[in-house]
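Read through the structure below, which is laid out as structure tokens, and then see the notes.
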Amino acid sequence: MSVIEVRDLKKSYGTVHALRGLDLDVHEGEVFGFIGPNGAGKTTAIRILLGLLHGSGGQATLFGGDVWKDASSLHKRLAYIPSEVNLWPTLTGGEVIDLLARLRGKLDTKRKSELLERFQLDPTKKCKTYSKGNRQKVAIISAFISDVELLILDEPTSGLDPLMELQFQDCISTAKKEGKTVFLSSHILSEVEKLCDRISIIKDGKIVESSSMAELRHLTRTYFTAETKRAIQANDLANIQGLFDVEIKDGKISFSTEPDTIDDALRWLSDFGVRSLTGNPPTLEELFIRHYSA
Ligand code: ATP
């Protein structure tokens with residue numbers, strides 16, 4: 001069953017065409033990644049799904065219900081984390097969590113303490129004193145505390161430190177095990193790769209690629225920078241295949257390679273005596289650039 005169904009959705013802000021015929025199908029129980037460059041239309045699409053904005057054309061349904069007309073009943077079945085979390089400044093984090101949980105049903109106090117502990121949030125502080133990351137934690141805890149069928153998350157971890165990011169990933173895995181559907185808009189490729197079953201890439205207000213993560217993996221090259229005891233010369237590259245974006249400078253080499261050829265690349269590198277080595281997974285922007293400039 002499709003939990004989210006979007007057909008030919010359009011949205012213009014004056015002369016800006018933010019969505020130009022968007023199509024989406026998110027199935028029950030899957031973690032779905034919604035990714036795309038800045039300004040691609042992700043937040044606009046999410047705000048239409050939430051009934052916060054009117055589309056200029058096309059259709060959008062959640063659980064088969066119209067996102068605009070049926071908004072109040074649909075909202076009981078979903079939780080949302082916005083990309084910019086604004087909270088009531090004079091309430092404490094704990095009060096906001098209680099308030100949002102009660103709006104969606106009964107407050108599960110055990111679950112609340114578990115989540116406060118997990119995300120190390122002090123709930124007694126006033127929201128106006130929280131940092132961006134802590135405001136985000138309030139929104140995350142409020143979303144995971146509720147027993148809803150659908151989580152719509154718009155860049156939920158952009159302000160979190162790496163430890164908290166891991167906690168968030170754990171919560172998503174649990175939600176998936178519980179059969180919840182997760183719609184995750186994110187710029188963090190490692191997060192998307194780890195969590196999502198399928199993704200759609202949006203660019204200029206349209207979906208340009210939809211596939212399972214397994215199908216997309218061939219696009220993910222890792223970037224390496226190495227310092228070697230014996231300097232690598234340009235003609236040494238003749239002995240190795242599958243290196244891209246090679247740069248040799250000041251005794252260092254940097255290159256990218258695909259998952260299947262990492263092994264060969266490292267073996268080749270070790271012949272020169274490796275002094276230092278760093279490896280970085282590709283950023284989402286790099287993935288886009290490679291994918292679309294090909
Ligand atoms: P990001 O990844 O940077 O958050 P996004 O994919 O969420 O971007 P949107 O915020 O949906 O992108 O914006 C899509 C386009 O619509 C952009 O060109 C943006 O400038 C424009 N836009 C968004 N909101 C408005 C608005 N209220 N008025 C005018 N233009 C807008």
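In this text the structure is predicted, and so the values were computed from the model without any measurement. For ligands, and for the atoms within them, numbers begin at 1 and follow the listed sequence.
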### Task
Would you mind reporting whether Tyr223 and Thr257 have side-chain heavy atoms less than 4.5 Å apart?
no
### Query
With a 6.0 Å cut-off on ring centres, are Phe183 and Phe34 close enough?
yes
### Message
Could you tell me, atom by atom, which parts of ligand 1 come under 4.0 Å of a heavy atom of Ala40?
### Response
5 (P), 6 (O), 12 (O)
### Query
Charged N to carboxylate O under 4.0 angstrom, Glu149 versus Lys180?
no
### Summary
So the atoms of ligand 1 within less than 4.0 Å of a heavy atom of Lys42 turn out to be 1 (P), 2 (O), 5 (P), 6 (O), 7 (O), 8 (O), 11 (O), 12 (O)
### Query
Between atom NZ of Lys69 and atom OG1 of Thr61, what is the distance when rounded to the nearest 0.5 Å?
11.5 Å
### Task
Can you confirm whether something in the protein, heavy atoms only, sits under 4.0 Å from atom 20 (O) of ligand 1?
no
### Query
Is Tyr130 close to Leu121 at the side-chain level, that is, under 4.5 Å between some pair of heavy atoms?
yes
### Query
Should you measure from each heavy atom of His187, which atoms of ligand 1 turn up under 4.0 Å away?
2 (O)
### Closest protein heavy atom to atom 11 (O) of ligand 1, given as residue, atom name and distance to 0.1 Å
Thr44 OG1, 2.6 Å
### Task
Would you indicate whether the side-chain heavy atoms of Gln169 and Ile172 approach each other to under 4.5 Å?
no
#### Entry: For Asn38, atoms of ligand 1 separated by under 4.0 Å from a heavy atom
1 (P), 2 (O), 3 (O), 8 (O)
### Query
So is Arg47 in contact with ligand 1, going by heavy-atom distances below 4.0 Å?
no
### Query
To which protein heavy atom is atom 14 (C) of ligand 1 closest, and what is the distance rounded to 0.1 Å?
Gly39 O, 3.3 Å
### Task
Among all protein heavy atoms, pick out the one at the shortest distance from atom 10 (O) of ligand 1; state its residue, atom name and that distance to 0.1 Å.
Thr43 CB, 3.8 Å
### Query
Hey, which atoms in ligand 1 end up nearer than 4.0 Å to a heavy atom of Ala18?
14 (C), 15 (C), 16 (O)
### Query
If we only count heavy atoms from C-beta on, is the Leu184 to Pro156 side-chain gap below 4.5 Å?
yes
### Task
Taking the side chain as every heavy atom from C-beta outward, state whether Leu195 and Phe168 have any pair of such atoms under 4.5 Å apart.
yes
### Query
Does Gly41 have a heavy atom less than 4.0 Å from any atom of ligand 1?
yes
#### Entry: Per-atom contacts, ligand 1 versus Glu155 - under 4.0 Å to a heavy atom
2 (O), 4 (O)
#### Entry: Protein contact to atom 31 (C) of ligand 1 [nearest heavy atom, distance to 0.1 Å]
Tyr13 CD1, 3.3 Å
### Task
Say whether, by atom type as modelled, one donor and one acceptor occur between the side chain of Arg20 and the main chain of Asp204 under 3.5 angstrom.
yes
